[in-house]
2 protein chains.
Amino acid sequence: MAIWDQEDHKDLPLYQRLYGYIRREIEQGKLKAGDKLPSVRQMAKEYEISRNTVETAYLQLLEEGYLISKQKSGYYVEHLQPDWFERKGSERGKAEQSEEPQEKQQDKQQDKQQACSPDKQGIERPTYDFIYGETDRDAFPYQEWRSCVQEAIRWEETEGGTYDNNVFGELELREQFADYLYRARGITCQPDEIIIGSGTQQLLMVLCQTIGKDKPVLGMEEPGYDRIRYVFQNHGCQVVPITLDTEGMRVNELMKSNAQLAYVTPSHQYPYGMVMPIQRRMQIIEWAKQTGGMIIEDDYDSEYRYVGKPIPALKGLDEEGAIIYMGTCSKLLLPSLRISYMVVPHQVIRENKQAFRQYLQTVPRFLQIALALFMKKGEWDRHIRRMRTRTKKKHQLLIQALQNELGEKIEIIGSEAGLHLLVQVKTKDTENELIQKALAHGVKVYSIQSYRTKPTESSYPVCLLGFGAMPLDRIEEACGALGRAWG
Amino acid sequence: MAIWDQEDHKDLPLYQRLYGYIRREIEQGKLKAGDKLPSVRQMAKEYEISRNTVETAYLQLLEEGYLISKQKSGYYVEHLQPDWFERKGSERGKAEQSEEPQEKQQDKQQDKQQACSPDKQGIERPTYDFIYGETDRDAFPYQEWRSCVQEAIRWEETEGGTYDNNVFGELELREQFADYLYRARGITCQPDEIIIGSGTQQLLMVLCQTIGKDKPVLGMEEPGYDRIRYVFQNHGCQVVPITLDTEGMRVNELMKSNAQLAYVTPSHQYPYGMVMPIQRRMQIIEWAKQTGGMIIEDDYDSEYRYVGKPIPALKGLDEEGAIIYMGTCSKLLLPSLRISYMVVPHQVIRENKQAFRQYLQTVPRFLQIALALFMKKGEWDRHIRRMRTRTKKKHQLLIQALQNELGEKIEIIGSEAGLHLLVQVKTKDTENELIQKALAHGVKVYSIQSYRTKPTESSYPVCLLGFGAMPLDRIEEACGALGRAWG
DNA sequence: GGGTATTTGTCCGTATGTATG
DNA sequence: TCATACATACGGACAAATACC
């Protein structure tokens with residue numbers, strides 16, 4: 001692998017990548033005016049590419065004035081006017097500011113409503129929407145899905161007896177989940193420990209109304225997902241915010257609280273994105289052991305990891321049966337499918353069986369069957385692979401584009417996994433101002449204020465950018481607009 | 001015969017077989033990271049297939065991250081992440097047995113657990129099952145339903161924008177419900193007063209956590225549906241049982257209680273089946289007016305009425321906005337579809353909008369669209385008529401057969417509507433003995449004990465017979481067996 | 001160093017069999 | 001029976017990358 005190849009788009013033609021590399025070297029001053037480039041033959045040999053490829057790149061640079069060629073001597077870097085790049089940037093900056101005055105009212109309304117996280121009710125559609133929680137519907141294998149659904153309905157018509165109906169969910173699907181969790185997340189569990197439900201909120205409601213009744217104090221990451229917090233609060237739980245450090249939830253704080261339940265996102269904290277390292281994991285399990293508490297692990301994001309090894313679930317370390325694991329199909333398939341699941345330790349199920357059975361299954365049966373078929377046929381695994389490669393590209397491109405456009409002005413937080421990242425902007429603007437400015441340039445980014453129980457003091461404002469639903473080919477444009485908005 | 005063809009299923013498409021072959025080669029390490037694959041043309045020539053077939057296979061591998069492509073150079077094997085799908089569930093199969101030899105115990109437990117209503121987990125299937133809550137699947141227009149589902153998925157794929165997602169449910173479906181409620185139930189409401197949810201329990205949970213928070217005392221019919229009562233109780237509501245007379249809930253009792261909420265089934269009380277006459281209806285509305293209380297009207301059964309005029313919903317009389325109406329598709333279509341809805345008065349929605357929005361919609365979107373299509377095409381109305389005549393026949397036959405077989409020994413309660421009736425047996429046997437005797441003759445009938453908060457004193461035992469799912473031509477046989485069991 | 005032929009990925013339209021209504 | 005839609009399979013054409021002389 002060549003040096004100039006590393007960070008670039010793999011799908012560009014060779015000669016263009018080489019061209020881009022050399023151009024950047026020149027623009028960044030690593031190659032100075034008058035420097036001699038390696039000969040075409042040399043370059044070709046070094047990087048094991050054809051001479052013609054090198055030459056095409058050189059010729060393009062020649063045309064654009066980056067190089068000059070001296071006959072029978074070599075290619076040399078041209079003397080550039082010093083402020084050339086700057087001018088290019090500044091002209092663009094001014095051009096597009098005239099767009100503001102339309103949408104202000106709307107957004108003020110929205111702010112009031114924004115007790116809750118991103119609302120999809122927005123009336124006017126921004127040009128670029130970094131929404132979180134939607135998926136890339138183009139990547140979804142609708143064809144296979146349709147055929148699975150068809151097959152499932154047919155199955156229910158002909159073979160689906162009345163009697164197999166199960167409040168925990170269809171056995172076939174629970175078997176598939178158990179198998180997947182073992183293979184991909186390092187969790188060993190039995191199908192009868194799995195409960196299926198239509199969304200994490202709904203499953204948490206069931207938990208609150210069963211095991212949660214005698215555990216009314218919950219420790220939750222601060223900041224953390226508001227829609228989760230509301231569920232607990234609306235059940236009369238006292239939610240104790242536990243702050244974060246770089247390793248995730250501060251278990252020391254948890255220890256000092258009188259919480260009997262803890263809600264954590266160890267694989268990829270929401271929204272900050274840190275991964276809980278092994279020591280901290282041991283520590284929180286130790287907390288559960290000492291206090292008899294239960295841990296709720298929300299693995300909402302697990303399919304998306306881009307660097308390093310996949311992080312096994314916390315649940316994989318659980319030997320005491322103190323962890324309830326929650327997974328979802330919303331991020332991988334379609335959020336509108338409404339299928340989630342949780343793994344509840346045997347003993348907990350046994351002790352609360354009666355309580356769990358009070359609640360009817362909420363996921364349509366044929367849908368469960370359809371998903372089980374989908375998984376059985378390998379479409380699930382296939383889709384994971386597909387989404388991972390697809391999303392990885394977006395992820396890389398987004399980070400690169402952000403750095404190109406805003407460079408030193410921003411810091412990117414939580415960028416190894418998942419479908420979102422945080423951007424901290426080094427500015428005196430408030431978060432709201434940033435969001436408004438972005439919107440004025442047609443870019444919608446999101447606040448994380450509703451994820452906090454207390455407003456932030458100090459430090460620079462932070463915005464959330466979800467890129468799961470953003471088309472690959474619009475990311476650069478979107479970041480360009482963002483650059484103009486904030487630059 | 002190609003190599004990659006040997007062991008594979010012959011029925012798979014060519015490109016998928018090639019895809020699977022190459023994938024296995026990579027997973028087994030025969031093709032290593034960085035290896036170059038034969039060019040599309042080479043591969044095509046070698047196996048005598050079209051280039052595009054090869055290309056399709058390569059593209060799929062590309063999407064899923066097994067390969068990377070270098071423009072005009074070739075396809076290469078990607079560096080795989082170490083242990084994502086390595087663990088093929090070999091060990092897992094064995095683990096499953098470690099599970100206690102529980103199956104049998106379970107059922108003994110179950111009898112005790114029957115704090116909850118009929119559980120569909122029963123292992124041995126009785127010859128005749130008067131189960132309640134299932135529908136006649138033979139009557140369901142699967143053909144039309146499949147096509148609606150197909151169309152809905154296709155719609156979501158092509159036109160289903162991200163932005164119309166609505167926590168209350170899809171507008172199209174809410175419009176259809178509003179229209180139906182007006183035509184069939186005498187209810188005038190706006191689509192934006194309707195909230196869709198996956199079952200009455202789930203909708204009640206949302207209610208409990210929103211408007212129910214400051215109304216913690218609920219009056220409920222005694223006896224009444226246990227699964228409803230649990231929801232309220234598990235939310236910390238105090239459930240005050242209000243006894244019945246022949247006109248339904250005794251509103252006088254409700255007046256004397258300090259309830260701020262009342263749960264009623266005025267069209268067809270569950271399980272006793274009486275209809276609340278107009279005077280009583282006025283009375284309960286008056287109660288709401290005086291106390292500022294809210295009424296929850298559960299119209300679970302409304303489509304099935306066999307004698308006299310259809311009874312309009314209580315909600316139709318509501319001028320104060322004090323009634324929340326609940327309807328469901330479980331009884332008419334399939335219970336496993338999990339679609340219900342409620343009509344919440346404008347003012348209540350307004351006052352609690354923020355709270356309602358905390359909860360994501362739980363019914364899959366495509367399913368909502370499918371049902372909306374189903375209704376739009378007139379299939380819903382058609383199906384209602386079909387089911388009504390069909391069920392009416394069953395209903396008449398059942399009553400006649402019961403009287404033939406058991407005549408004076410029994411009294412039939414609540415037999416003008418619905419999908420179930422109660423049979424009171426003039427005997428010294430206990431309810432449990434009756435159920436056991438019936439079961440010994442292959443007939444399963446159900447207890448209503450769990451619907452009471454206090455056990456019955458006095459009077460003869462009562463059993464519940466649901467006939468919605470019982471085939472017409474088996475009713476007489478079933479009653480014959482019941483006659484032998486109890487006669 | 002230059003020119004040409006070949007290989008390569010990619011995009012296009014088209015024909016066939018099948019399932020559905 | 002006919003019409004439609006769809007997945008599958010095929011070959012032509014093009015431009016980029018490479019190989020060869």
Side-chain angles (χ1 to χ4, degrees), chain A residues 2 4-5 9-20 38-60 62 69-75 141-151 153-154 157 377 379 473, chain B residues 2 4-5 8-20 35-63 67-77 141-155 157-158 373-374 377 379:
Chain A
W4 47 270
D5 220 8
H9 325 300
K10 297 282 179 224
D11 51 331
L12 281 175
L14 266 179
Y15 79 98
Q16 282 186 28
R17 278 185 276 170
L18 181 55
Y19 154 81
S39 79
V40 173
R41 292 176 141 82
Q42 232 180 322
M43 188 69 106
K45 199 173 179 186
E46 171 140 23
Y47 294 127
E48 292 171 333
I49 50 177
S50 163
R51 292 203 307 261
N52 294 41
T53 311
V54 178
E55 200 191 5
T56 317
Y58 279 15
L59 279 176
Q60 193 173 338
L62 196 67
S69 81
K70 295 185 182 174
Q71 291 275 350
K72 317 272 174 172
S73 163
Y75 289 91
Y142 273 100
Q143 182 189 328
E144 286 78 11
W145 176 244
R146 270 204 309 274
S147 102
C148 288
V149 170
Q150 283 293 61
E151 203 174 326
I153 297 180
R154 240 179 259 273
E157 179 178 4
K377 288 180 179 172
E379 294 297 337
D473 54 14
Chain B
W4 46 271
D5 221 7
D8 269 320
H9 321 295
K10 296 284 176 222
D11 52 328
L12 280 175
L14 268 177
Y15 79 97
Q16 282 188 25
R17 278 185 277 172
L18 181 56
Y19 154 81
D35 284 357
K36 183 176 185 300
L37 270 78
S39 80
V40 173
R41 280 156 230 265
Q42 238 180 321
M43 191 66 110
K45 198 172 179 188
E46 176 154 8
Y47 296 124
E48 291 173 330
I49 50 178
S50 162
R51 290 202 318 268
N52 288 51
T53 309
V54 178
E55 197 191 329
T56 315
Y58 278 17
L59 277 178
Q60 193 173 339
L61 290 159
L62 192 71
E63 268 194 319
L67 303 181
I68 54 168
S69 85
K70 294 188 185 171
Q71 291 257 6
K72 319 294 172 187
S73 163
Y75 286 93
Y76 300 83
V77 177
Y142 273 102
Q143 177 101 0
E144 286 77 12
W145 176 243
R146 267 206 312 276
S147 107
C148 288
V149 170
Q150 284 294 65
E151 202 174 324
I153 297 179
R154 206 157 272 153
W155 179 87
E157 178 178 4
T158 55
L373 284 169
F374 188 84
K377 288 179 181 173
E379 294 295 337

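The basis for the numbers below is simple: all heavy atoms, side chains too, and nothing from hydrogens, waters or symmetry mates. Computed from a predicted structure; not experimentally measured. Within every chain, numbering begins at 1; the chains are lettered A, B, ... in the order of the sequence lines, protein sequences first and strands thereafter.
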- Is there a donor-acceptor pair closer than 3.5 Å between any side-chain N or O of A:R146 and the backbone N or O of B:Q150? no
- Round to a whole Å and report the spacing from CG of B:L59 to P of D:dA9. 14 Å
- Should B:S73 be listed as having a side-chain N or O under 4.0 Å from OP1 or OP2 of D:dA17? no
- Taking atom P of C:dT8 as reference, at what distance in whole Å does atom NZ of B:K72 sit? 12 Å
- Message: So that I can tick it off, tell me whether A:E151 and A:K377 are bridged by a salt bridge, with the cut-off set at under 4.0 angstrom between side-chain N and carboxylate O.
- Response: yes
- Cation over ring, B:K70 on B:Y76, under 6.0 Å and within 45°? yes
- Task: Say whether, by atom type as modelled, one donor and one acceptor occur between the side chain of B:S69 and the main chain of B:Q71 under 3.5 angstrom.
- Result: no
- What is the distance, rounded to the nearest whole Å, between atom CG of B:L12 and atom P of D:dA7? 16 Å
- Rounded interatomic separation in angstrom, taking CG from B:L18 and P from D:dT8: 14 Å
- Message: Walk along nucleotides 12-21 of chain C from 5' to 3' and tag each nucleotide B, S or - by protein heavy-atom contact under 4.0 Å, base first, then sugar-phosphate.
- Response: B-------SS
- Item | Between C1' of C:dT7 and OH of B:Y58, the distance in whole Å | 14 Å
- Query: Between D:dC10 atom P and B:E48 atom CD, what is the distance in whole Å?
  - Reply: 11 Å
- Please examine the side chains of B:P141 and B:F374, heavy atoms only from C-beta on, and report whether any two atoms are closer than 4.5 Å. yes
- Does NZ in B:K45 sit with more than 12 non-hydrogen atoms of other residues, nucleotides or ligands closer than 6.0 Å? no
- Task: Counting heavy atoms from C-beta on, name the nucleotide in D:dA9, C:dT8, D:dC10 closest to the side chain of B:K36.
- Result: C:dT8
- Task: Tell me whether the OP1 or OP2 atom of D:dT8 has a side-chain N or O from B:Y15 closer than 4.0 Å.
- Result: yes
- Quick one: is B:S50 getting a side-chain N or O under 4.0 Å of the D:dA9 phosphate, OP1 or OP2? no
- Message: Please check: side-chain N/O of B:T53 versus main-chain N/O of B:I49, any donor-acceptor pairing under 3.5 Å?
- Response: no
- Item | Atom-to-atom span, CE of B:M43 to C1' of D:dA9 - whole angstrom | 17 Å
- In whole angstrom, what separates B:R51's CZ from D:dC14's C1'? 11 Å
- Task: Tell me what B:Y75 touches on the nucleic acid: a base, only sugar-phosphate, or nothing, going by heavy atoms under 4.0 Å.
- Result: sugar-phosphate
- Message: Taking any heavy-atom pair under 4.0 Å as a contact, classify B:Q16: base, sugar-phosphate, or nothing.
- Response: sugar-phosphate
